[in-house]
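Below: the structure, in structure tokens.
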Amino acid sequence: MSKEVAYKNRDRFLELGLAIATLRKRKGLSQDDLAAKAGISRSHLSSIEAPNMIRAFSVEVLYDIADALEIRPGELLDCNIYAFHS
């Protein structure tokens, strides 16, 4: 998805990418592992997690990533990475 992200949502997407990356690492998964479990390409996951770029993605991808991380999608949206337990 290459849609431009509204300025007001930029920080939200950055925090979401950081939360995904942090949870992935806490679970001992590589980007390749998580991407395969979520059914997306590693390059797509990499761009979602990248702290220097904003990458919009669909709710379906959010659900797939949450399922792969074995958490509720809402937990990702809360972006409170400190609330998660390894």
Side-chain angles (χ1 to χ4, degrees):
M1 178 180 220
S2 60
K3 183 182 176 198
E4 188 71 23
V5 174
Y7 182 77
K8 68 180 183 173
N9 293 322
R10 294 175 57 81
D11 287 346
R12 290 174 175 159
F13 274 100
L14 286 174
E15 289 174 359
L16 183 54
L18 178 61
I20 291 168
T22 300
L23 291 169
R24 173 182 59 75
K25 291 173 187 175
R26 284 188 181 178
K27 291 193 175 274
L29 298 171
S30 69
Q31 284 185 336
D32 285 326
D33 295 335
L34 180 57
K37 287 180 78 170
I40 62 174
S41 71
R42 191 216 41 87
S43 62
H44 188 49
L45 178 60
S46 177
S47 65
I48 290 169
E49 290 184 354
N52 59 345
M53 67 183 341
I54 308 299
R55 176 67 176 234
F57 56 96
S58 70
V59 173
E60 184 173 19
V61 169
L62 176 78
Y63 289 159
D64 291 340
I65 291 171
D67 288 346
L69 290 170
E70 300 174 339
I71 60 171
R72 292 181 305 102
E75 291 176 295
L76 278 177
L77 293 174
D78 286 339
C79 293
N80 185 355
I81 59 174
Y82 304 106
F84 296 106
H85 303 287
S86 300

Looking at residues at least two apart in the chain, or sitting in another chain, which of them share a side-chain hydrogen bond (donor to acceptor under 3.5 Å, both in side chains) with [X]?
| X | answer |
| --- | --- |
| Ser46 | none |
| Asp33 | Ser30 |
| Asn9 | Arg12 |

Name all residues meeting the side chain to side chain contact (heavy atoms under 4.5 Å, CB included) criterion together with [X]; count only those two or more places apart in sequence or in a different chain, and write none if there are none.
| X | value |
| --- | --- |
| Leu14 | Asp11, Ile54 |
| Ala38 | Ile40, Asp64, Ile65, Ala68 |
| Ala36 | none |

Non-hydrogen atoms of Ala35 and Leu45 that approach each other most closely: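 It is N-CD2, 3.8 Å.
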Phe13 to Phe57 - nearest heavy-atom pair and separation: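 Shortest heavy-atom contact: CE2-N, 4.0 Å.
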Give, for atom [atom1] of [X] and atom [atom2] of [Y], the distance between the pair rounded to the nearest 0.5 Å.
| X | Y | atom1 | atom2 | result |
| --- | --- | --- | --- | --- |
| Leu69 | Leu34 | CG | CG | 5.0 Å |
| Leu62 | Asp67 | CG | CG | 9.5 Å |
| Thr22 | Glu15 | OG1 | CD | 11.5 Å |

Of all pairs that satisfy salt bridge (charged side-chain N to carboxylate O under 4.0 Å, His left out), the ones with a partner from residues 38-51, not counting sequence neighbours: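 Passing the test, one end in residues 38-51: Arg24-Glu49, Asp32-Arg42.
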Residues clustering with Met53 (ILVMFWY side chains joined when closer than 4.5 Å, directly or via others):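 None; Met53 is a cluster of one.
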Same cluster (ILVMFWY, side-chain, under 4.5 Å), Leu23 and Tyr63: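 Per the 4.5 Å side-chain linkage, Leu23 and Tyr63 are not co-clustered.
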